[in-house]
Amino acid sequence: MGMHEKIADLNQKHKPVDTKTPHVVTMIEAINMALHRAMDADPNVVVLGEDVATNGGVFRATVGLKDRFGHKRVMDTPLAETLIAGISVGMAAQQLRPVAEIQFMGFIYATMEHIVSHAARLRNRTRGRLTCPMVLRAPYGGGIHAPEHHSESTEALFAHIPGIRVVIPSSPTRAYGLLLSAIEDPDPVIFLEPKRIYRMVKQEIYDDGVGLPLDTCYTLRQGEHITLISWGAMVHETLQAADKLHQQGVSAEVIDVATISPLDIDTLVASVQKTGRCVIIQEAARHCGVAAEICAAIQEQAFHSLQAPIARVTGFDTPMPYLQRENVYMNSASDIVDAAIHTLEVA
Amino acid sequence: MGMHEKIADLNQKHKPVDTKTPHVVTMIEAINMALHRAMDADPNVVVLGEDVATNGGVFRATVGLKDRFGHKRVMDTPLAETLIAGISVGMAAQQLRPVAEIQFMGFIYATMEHIVSHAARLRNRTRGRLTCPMVLRAPYGGGIHAPEHHSESTEALFAHIPGIRVVIPSSPTRAYGLLLSAIEDPDPVIFLEPKRIYRMVKQEIYDDGVGLPLDTCYTLRQGEHITLISWGAMVHETLQAADKLHQQGVSAEVIDVATISPLDIDTLVASVQKTGRCVIIQEAARHCGVAAEICAAIQEQAFHSLQAPIARVTGFDTPMPYLQRENVYMNSASDIVDAAIHTLEVA
Amino acid sequence: MQYTKTPYQQKQMIDANGAVVGSLPESVSDELLLKSYRTMVMIRTFDQRVVALQRTGQMGTYASCLGQEAIGTGIGLALKKDDVFLPYYRDQATQYLRDIPLHQQMQYWGGNEWANHFSGIAQQDFPNCVPIATQVTHAAGVASAMKIRGEKRCSLVTCGEGATSRGDFYEAMNLVGVWQLPMVMVVNNNQWAISVPRNIQTGAETIAQKAVAAGIEGFQVDGNDVCAVYDAVRYAVNKAHSGKGGTLIEAVSYRLGDHTTADDATRYRSHEEVNEAWKREPIKRLQTYLHASDLWDEDQEQALQEHCKQEVEQAVKTYLSQPAQPVADLFDYLFEETPAHLALQKQRALEKMARLGGK
Amino acid sequence: MQYTKTPYQQKQMIDANGAVVGSLPESVSDELLLKSYRTMVMIRTFDQRVVALQRTGQMGTYASCLGQEAIGTGIGLALKKDDVFLPYYRDQATQYLRDIPLHQQMQYWGGNEWANHFSGIAQQDFPNCVPIATQVTHAAGVASAMKIRGEKRCSLVTCGEGATSRGDFYEAMNLVGVWQLPMVMVVNNNQWAISVPRNIQTGAETIAQKAVAAGIEGFQVDGNDVCAVYDAVRYAVNKAHSGKGGTLIEAVSYRLGDHTTADDATRYRSHEEVNEAWKREPIKRLQTYLHASDLWDEDQEQALQEHCKQEVEQAVKTYLSQPAQPVADLFDYLFEETPAHLALQKQRALEKMARLGGK
Ligand SMILES: Cc1ncc(C[n+]2csc(CCOP(=O)(O)OP(=O)(O)O)c2C)c(N)n1
Ligand SMILES: Cc1ncc(C[n+]2csc(CCOP(=O)(O)OP(=O)(O)O)c2C)c(N)n1
Ligand SMILES: [Mg+2]
Ligand SMILES: [Mg+2]
C-alpha cells in the first residue's frame with residue numbers, strides 16, 4: 001500500500017521527504033500532509049476545486065499545494081460542482097489522478113450523475129480499457145454551527161452505488177493513511193471528511209507515504225460484552241461511550257468502519273459473534289442510512305449469536321436544523337450509552 | 001382521500017366523468033387515466049417534462065393530455081432534468097401542482113440537488129409558508145432490454161432523504177389510486193413506475209377519482225409461515241413465488257410496501273410477528289438498499305418473534321448489464337422460493 | 001443571425017464622483033434618490049452591526065453586503081409588491097424594502113428557521129438560497145406559474161457572478177428565452193467568488209453577454225449607481241409585466257468585505273485593489289450628488305445616522321431576546337401532517353431535552 | 001464589449017444541388033471527397049441494415065444516423081489519431097473512421113459491454129454516451145489533462161442540439177473558454193430532440209451563438225455538406241493543437257429517421273417536412289458533384305454499393321456469431337481487484353447460471 005515505488009517515476013524536482021521525524025498534527029493537517037505527499041510521489045496527481053489553489057481551501061486542506069506544485073497541478077475551477085466531477089472523470093480517463101474537492105457535502109448532489117453514471121462505471125463499461133482513479137473529497141457532517149446545507153451527512157447515497165469506494169477517516173492517522181490509499185487506488189473513491197473533528201485531536205504521524213488499507217474496518221478497542229460500530233465524527237462519542245460503559249463494568253468493542261462501501265462485513269460479524277450485542281451509531285438521518293445495511297448484514301450472518309436486537313443510534317429523519325437547534329440533532333456519548341445499556345438489558 | 005371535493009373548484013370546462021363503468025386497463029393506461037382525472041379535478045395540476053406534450057411521453061403515459069388541457073398545462077420542456085425539477089419547485093411554491101416526468105430513472109440524478117436541498121425542505125425551511133406539492137414521476141427498473149441507463153432502480157437514494165415521499169405502484173389499481181393521492185398530496189412525492197409491468201397485466205378500474213393511502217403497505221396475500229415483502233415489479237415474482245410455495249405446502253404472506261418512505265413499518269412488523277420468518281425482495285443493488293432498512297427495522301421491533309435471519313433477495317452490486325446479460329441480473333420467482341425455503345429450514 | 005462584438009457602454013447615471021452622466025431620467029425623482037440614500041445607509045449600519053455581533057459570538061456566519069447596497073436597493077425600489085423576489089444571500093437591502101424586519105434578518109443569520117416565515121409583500125418571496133444558482137431555476141418555475149395563469153407579475157432573482165458558472169443559471173435562462181418568461185435576472189458581479197476572481201470564473205468579457213446563449217436581452221449597469229440599477233430593473237420589470245420576456249442585468253460592483261465572516265480576504269487579494277474599489281462605492285457618490293443638488297444637508301445626515309443606529313439597535317435587542325424555536329418545530333414542518341415515525345422521533349427529542357433540562 | 005446581431009452566413013461549400021459555393025479550399029482534395037463519399041455510403045448501408053436487424057429482433061434499440069452521415073464523416077476525417085473522440089450516439093461514421101469495426105458497433109447496440117473495448121487509434125476514445133450532454137464535461141476533463149501535460153492534442157465531443165439545453169454543456173463550454181482548452185464541440189443540430197423541435201428547445205436564433213456565453217468562437221456550418229464540416233473541424237482541431245483554445249461548431253442537419261427504433265416520428269412531425277429535408281441530405285449532393293466533376297461513374301457506384309453490402313453482411317455475421325460475454329465479466333470490472341462481496345455474488349450468479357443450464 002506504500003507509495004514508495006512510485007517515487008522513481010517522478011519527473012519533477014521535489015524536496016526530499018523526511019519520513020523519520022514525527023509530526024503532531026490535527027486531521028486537517030494530516031490531510032494536507034497526505035496531499036503533499038501524494039503529489040510529490042506521483043506527478044499525475046492533480047488537485048482541483050473551488051478555492052483550493054490560491055486560498056488553500058476554505059478549511060485549509062490544500063494550503064501550500066499551489067505554491068509547491070504550481071497552478072497546472074492545483075486548479076481553482078469555476079463555481080460548478082457538476083463540472084468538477086465531470087472533468088475529473090475526463091482527467092482520470094487520461095491517467096491523471098484528480099483529487100477534487102467539493103467545498104461542502106451539501107453541494108455534492110450536483111455531482112451525482114457523473115459519479116453514479118460515469119465514475120462508477122467507466123472501467124466496467126469499457127471492460128477495463130478506461131479507468132477512473134479519481135478522489136472526490138468533501139467535508140461532511142454537522143456540529144460546527146454552520147449555515148444551512150453545510151452539515152450534511154448523506155454518505156448512504158454514495159454507499160448504495162456499485163463501483164465506487166466510500167471512505168471516511170475518523171482520526172489524523174487514518175485521514176493520512178486512508179487518503180494516501182484513496183489517491184493511489186485505481187478506482188474512484190468518495191472521501192468524506194468529518195469536519196467537526198478536523199481540529200479536535202492531534203496525533204503523532206510519520207510522513208512516510210504509507211497508506212492504510214481501504215478494505216478493512218478498524219477495531220479501536222477490544223471488548224467482550226457489546227460491539228459499538230461507528231464511522232466519522234461519531235467515532236469520538238462512541239469511544240467516550242465505551243469509556244463510560246467501562247466505568248459501569250461493561251466491556252465494549254469499538255469498531256470504526258472507515259470504508260463504508262465496499263464493506264468489511266467479516267470484521268463486524270466476527271465481533272458480534274463474540275459479544276452477541278451490537279449498537280450502530282451514525283450521525284446521518286435514520287431511514288435507509290448505512291447503519292441499516294450493517295444491521296441487516298450482521299443479522300443475516302450472526303443471527304444465532306445475537307442476544308438482543310441490534311440497535312441504531314442515528315440522526316432524526318429531518319434536515320439538520322439551523323444552528324440554534326443543531327444540538328438537538330446531534331447525538332452524544334450518553335445517547336450511545338443509553339442505547340447500549342438498553343441492549344444489554346435484553347434478556 | 002377522494003378528489004371529489006376539489007371538482008367544485010374547477011374553473012375550466014371539463015367532460016363529465018363516468019365513474020360507474022369499469023375500465024380494463026394496463027398500468028400505463030391507469031397512470032394516464034389518473035393524470036386525466038387529476039387535471040380535470042384541479043386546474044392547478046400541470047404536467048411537464050421531455051416529450052410529454054405533443055408526443056404523449058415515450059411510454060405514452062401522458063398521451064391525450066395536451067389535446068385535452070392545452071399547452072399551458074401540458075408542457076414539453078427543454079432537455080434539462082435539473083431544470084425540470086427546479087422549475088417544479090418554483091411552480092409548486094406558487095401553488096401549482098406540477099407533475100413532472102423524468103424520462104427514465106437513469107436520468108434522475110441531475111434532479112437530486114433540487115429534490116434533496118429544496119423540494120424536501122421548502123416547507124420546513126419556511127415553517128410552512130411555502131410548500132412544495134410536486135410529483136416527480138419516473139419509469140424505473142429493468143427487464144425491458146433497454147440501452148444502458150434505462151434500467152435503474154436507485155429508489156434507496158430518495159428513500160434516505162427526509163421530507164419527501166417515495167411511492168411505487170405494482171398494479172394498475174394501485175398505480176391509479178396512488179398517483180391520484182400523490183398529486184393531491186401537499187408535499188413532494190417521488191413516484192417511481194416499474195416500467196417492466198407497464199403493460200403486463202390488466203385490471204378493472206373505476207375512474208372514480210378515489211386515491212389510495214400513501215401511508216400504508218398493501219397486504220396482497222395472507223399467510224402463516226413466512227412473510228414476503230417487496231415493491232415495484234418484483235411484487236409479481238413474489239406473488240408467483242407465493243404460489244409455488246403454496247404448492248409445497250407453505251403459506252406465504254405477501255406485502256407490497258408501495259410507499260417506501262415514510263415507511264409503514266407497523267404492518268410489516270405485525271406480519272413478521274405472526275410468521276416469524278421473512279424474505280425481502282428488491283430489484284435494486286443490495287448494499288444500502290431499501291431492503292436493508294426494512295430488515296433493520298423489523299429485527300429491531302420483532303426480534304423475539306424471529307425464528308430465522310431475515311433474508312434479502314436483491315440485485316447484484318453491479319450496474320444493470322447491457323441487454324445480453326440482463327437476465328443474469330434479474331431475480332426470478334425461483335430465486336425467491338429458494339430464499340424462502342432456506343429461511344424456513346432454519347431451525 | 002450572428003453576434004459580433006462592439007464596444008460596450010455600461011449604463012451609468014451618477015458616476016463615482018457623484019456627477020450626473022447625461023441627465024437623470026424622469027423615473028428617478030428626488031424622492032426616489034432620498035429613499036435610496038436612506039435605505040443604503042440603513043443597510044450599511046445594519047451590515048456592520050451584524051458583523052460585530054458575529055465577532056462577539058452572538059451571530060452565525062454572516063455574508064456582508066458592504067459596497068453592494070445599491071444593487072439590493074435599486075431592485076427593492078423597482079420591484080412591485082405582487083412580484084416574487086428570489087434572493088441569494090447578499091440581498092439585505094431588497095429584503096428590507098420587502099418589509100422583512102431587520103431583526104428577522106438577524107434571526108436568519110442567527111440560525112432560526114422562523115426567520116423565513118415572511119408576511120406582507122414578501123409572503124411569496126423565497127428565503128435566502130445557499131446552494132449557489134439553484135434559486136435561478138426556482139425563479140423560472142415561479143415565472144412559469146405566472147405565465148401559465150396569465151398574471152401580470154414577474155419573478156426577480158439575484159445571484160453572484162460566480163453563480164453564472166453553474167448549469168442551473170444557463171438551464172433557467174434558456175427557459176426564460178424559449179418560454180418568454182416574465183423574469184428578471186440580476187447578477188451581482190462583485191468581482192470575487194470567495195477567493196476566485198472574475199477573470200478566472202469565465203472567459204466571457206462580460207456576464208451580460210451570456211444572455212446571447214438564451215436569446216434574451218442582457219446588459220451591464222454600474223452596480224454602484226443606485227439610479228442605474230433602479231432604472232434597469234424598472235425597465236426589465238415593466239417589460240416582463242407586459243409579456244415581452246426576460247432580461248439579464250449584470251450589476252458591476254465590488255465586494256468590499258470578506259466573503260463571509262468565516263473568510264479572510266487578505267489571503268487572496270491586495271489592499272490596493274480594495275482601496276481602489278472604495279473610491280467607487282455607492283453611498284458616498286450619492287451623498288455627494290444629494291449635497292450638490294441641495295437635497296441633503298449635514299443635519300439631515302446626522303439625523304439619519306442617528307435614526308439608523310437606533311433602528312438597528314432596536315433590532316439587535318429584539319433578535320437577542322427571541323427564544324430558540326420549540327424543539328417540536330423541527331419535526332412538524334417536514335410534512336403537512338407529521339407522519340408516525342417523525343412523531344416518535346419528536347417524542348424522543350422532547351424527552352431528551354427534558355432530561356437535559358433544556359427548553 | 002457587447003454583442004450585436006448581424007446577418008448570419010452559414011458555412012457551405014457544396015450546396016444541396018451538388019454545386020460548389022465559391023470554390024473548394026485546398027484542404028478538400030479529390031481524394032478526400034472520394035473517401036468522404038465512400039464512408040457515407042458505407043455508413044448508410046450499415047445504418048439501414050442495423051435498423052432491419054432490430055426489426056427482426058436481432059438487435060437492441062438503435063439510434064439511426066440517417067441523413068447525418070456528413071457530420072460524423074467530416075469529423076472522422078479531420079480528427080488526428082492522437083486526439084480523443086467523445087461521441088454521443090449518432091457517431092457511427094466517426095467511429096468507423098476511428099477503426100472501430102462495424103461488427104463491434106453492432107455489438108454495442110446489441111448489448112454487450114465488450115463492444116466498448118476499443119483498440120488502435122480509438123484506444124483512448126470514450127464509448128457512446130447515453131446520459132445527454134455529460135460527455136461534454138468529460139471532454140473538458142480530457143482536454144484539461146492534455147493542457148496540463150502540454151500535449152499537442154485535443155478532445156472532440158459531439159452532442160445533439162437538445163443536449164445544449166443541459167447544464168453540462170454550458171459548464172464545460174465555460175471552462176473551455178476560461179482555461180483555453182484544446183477542445184472542439186460539434187453540435188449535430190438535426191432539428192429534433194425526440195419529439196421536441198429545435199425552436200422549443202431554445203430561444204437562441206442559432207446554437208452557434210451560445211459560444212458567446214463562454215467567450216469562445218462559434219459558428220454554423222451546413223451539416224449536410226461534408227466538405228464544410230471537414231473544413232470547419234480541421235480548422236478547429238488545428239486551432240486547438242496550436243494552443244488557441246476551443247471552438248463550438250453547429251452542424252445544421254436533419255434527422256431523417258425516427259429518434260431510435262423505439263420511436264415513431266410520424267406522431268409528431270409531418271411527412272412534408274421530412275420530404276423537404278430529403279432534398280438536402282448529404283450523400284446525393286456529393287454524388288452529383290462527383291459525377292459532374294468526373295470523379296465518379298456508374299460502375300464505381302455499383303462497385304461501391306456491392307462492397308458496402310458485403311462488408312456490412314460480413315459484420316452482421318461476425319456480430320451474430322459473437323457469444324454473450326461470460327457471466328463472470330459482469331463482476332470483474334467494477335474494481336481493479338474484485339472485492340470480497342462481488343466475488344461472492346459472482347459465485348452465486350455462476351451457480352445460478354449452471355442450475356439453469358446457461359452458458
Ligand atoms: C452549490 C454551491 N457550491 C459552493 C458553495 C460555497 N460557496 C458559497 S458562496 C460561494 C461563492 C459565490 O460567489 P458569487 O456567486 O460570485 O457570489 P458572492 O458571494 O461573490 O456574492 C461559494 C463557492 C455553495 N454555497 N453552493
Ligand atoms: C440526461 C438524459 N435525459 C434524457 C434522455 C433521453 N433522451 C435520449 S435522446 C434524447 C433527445 C436528444 O436530442 P438531441 O440532443 O437533439 O440529440 P438527437 O437524438 O436529436 O441526435 C432524450 C431526451 C437521456 N438519454 N439523457
Ligand atoms: Mg461574486
Ligand atoms: Mg437533435
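Since this is a predicted model, take the numbers as computed values, not measurements. Note on naming: letters A, B, ... go to the chains in the order of the sequence lines (proteins, then strands), and numbering restarts at 1 for each one.
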* Asked: Does Val328(A) reach the side chain of Leu330(C), with side-chain heavy atoms less than 4.5 Å apart?
  -> yes
* side-chain contact (heavy atoms from CB on, under 4.5 Å) between Ile200(C) and His71(A): does it pass, once the steps are laid out? -> CA-CA 12 Å; Ile200(C) 71 171; His71(A) 70 276; over 6 Å; no
* Structure fact -> In terms of heavy-atom pairs under 4.5 Å with chain A, the winner among Arg348(C), Glu113(C), Gln201(C) is Glu113(C)
* Structure fact -> Between Val130(C) and Glu148(A), the two heavy atoms sitting closest are CG1-O, 3.5 Å
* Please walk me through it: do Lys352(C) and Asp335(A) pass side-chain contact (heavy atoms from CB on, under 4.5 Å)? -> CA-CA 9 Å; Lys352(C) 181 172 152 185; Asp335(A) 297 313; 3.0 Å; yes
* Are any non-hydrogen side-chain atoms of Arg355(C) and Asp338(A) less than 4.5 angstrom apart? -> yes
* Asked: Do other residues, nucleotides or ligands put more than 12 heavy atoms under 6.0 Å from Glu337(C) CD?
  -> no
* Would you check if Asp329(C) and Arg325(A) make a side-chain contact, meaning some heavy-atom pair closer than 4.5 Å? => no
* **Tyr322(A)-Asn116(C) side chain donor-acceptor pair, cut-off 3.5 Å** => yes
* Side chain, backbone, both or neither of His150(A) within contact of chain C (heavy atoms, under 4.5 Å) -> side chain
* Asked: What residue, out of Gly56(A), Ala80(A), Pro78(A), has the most heavy-atom pairs lying under 4.5 Å from chain C?
  -> Pro78(A)
* When Asn128(C), Asp264(C), Ile132(C) are compared by non-hydrogen pairs under 4.5 Å with chain A, the top option -> Ile132(C)
* Asked: What residue, out of Ala262(C), Gly60(C), Ala349(C), Ala133(C), has the most heavy-atom pairs lying under 4.5 Å from chain A?
  -> Ala349(C)
* To do: Using a cut-off of under 4.5 Å on heavy-atom pairs, state which of Ala110(A), Ala146(A), Pro321(A), Gly106(A) scores highest against chain C.
  => Pro321(A)
* Beyond-backbone contact of Gln324(A) with Gln322(C), side-chain heavy atoms, under 4.5 angstrom -> no
* Asked: What part of His259(C) lies closer than 4.5 angstrom to a heavy atom of chain A: side chain, backbone, both or neither?
  -> neither
* ring-ring contact (aromatic ring centres under 6.0 Å, His included) partners of Tyr88(C), counting only residues at least two apart -> none
* Pairwise side-chain contact, Gln345(C) with Asp317(A), heavy-atom cut-off 4.5 Å (strictly under) -> yes
* Structure fact -> Ranking Gly110(C), Gly167(C), Ala193(C), Ala163(C) by heavy-atom pairs under 4.5 Å to chain A gives rank one to Gly110(C)
